[in-house]
Amino acid sequence: MSDLCPRFENAMEIISKRWVGLILFELLEGTKRFSEMEADLPISGRLLSDRLKLLEQKEIIERNIYSEFPVRIEYSLSEKGKALKPVIQEIQHWADDWVSMEDIDESKV
């Protein structure tokens with residue numbers, strides 16, 4: 001049996017963190033403001049902020065600050081983040097084919 005590739009292991013650690021996949025899925029639609037993501041995702045503002053900082057640190061997303069009043073901050077996928085699009089789409093296809101509503105209900109218990 002071969003050892004896990006450290007790069008693969010690190011990538012899985014990042015994208016398997018709770019809520020990261022949903023945040024990336026949300027940003028595939030395009031640039032979003034924090035408040036838009038907070039309204040669209042079932043996640044607290046503090047946890048969303050933590051995950052966005054992690055993804056920015058890993059250079060998967062970019063944060064753009066606009067000097068307006070009030071200050072406008074927008075998040076978008078970087079080139080590195082956009083490269084995850086086919087991966088996320090394949091996970092969606094897999095989920096469409098293999099995850100049933102019963103699986104979803106059981107996971108909430």
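Computed from a predicted structure; not experimentally measured.
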Practice prompt. For Pro86 and Ala83, work out which heavy atoms get closest and say how close.
Written response: CD-O, 3.4 Å
Nearest-0.5 Å distance, [atom1] of residue [X] to [atom2] of residue [Y]:
X	Y	atom1	atom2	answer
Ile23	Leu77	CD1	CG	11.0 Å
Glu59	Lys80	CD	NZ	5.5 Å
Glu62	Ser78	CD	OG	5.5 Å
Glu38	Asp40	CD	CG	10.5 Å

Discussion item. For Glu68, give me all partners under salt bridge (charged side-chain N to carboxylate O under 4.0 Å, His left out), at least two apart in sequence or on another chain.
Written reply: Arg72
In residues 24-36, what donor-acceptor pairs under 3.5 Å come from side-chain atoms, sequence neighbours left out?
from	atom 1	to	atom 2	distance (Å)
Glu26	OE2	Lys32	NZ	3.3
Glu29	OE1	Lys32	NZ	3.2
Glu36	OE1	Arg33	N	2.6

Discussion item. Among residues at least two apart in sequence or on other chains, which ones pass side chain to side chain donor-acceptor pair (under 3.5 Å) with Asp96?
Written reply: Gln92
Practice prompt. Just jot down the side chain to side chain donor-acceptor pair (under 3.5 Å) partners of Ser100, sequence neighbours excluded, or say none.
Written response: Glu102, Asp103
Worksheet entry | Ile73 with Tyr66, same ILVMFWY side-chain cluster at under 4.5 Å | no
For residues 41-53, tabulate all N or O donor-acceptor pairs below 3.5 Å that involve a side-chain atom, not counting sequence neighbours.
from	atom 1	to	atom 2	distance (Å)
Ser44	OG	Leu47	N	3.2
Arg51	NE	Arg18	O	2.9

Item to complete: Check the pair Glu79 / Lys82 against side-chain contact (heavy atoms from CB on, under 4.5 Å), numbers first and verdict last.
Response: CA-CA 5 Å; Glu79 287 304 310; Lys82 289 176 186 172; 3.6 Å; yes
Worksheet item: For Ile14, what residues pass the side-chain contact (heavy atoms from CB on, under 4.5 Å) criterion, not counting sequence neighbours?
Response: Asn10, Leu55, Lys58, Ile60
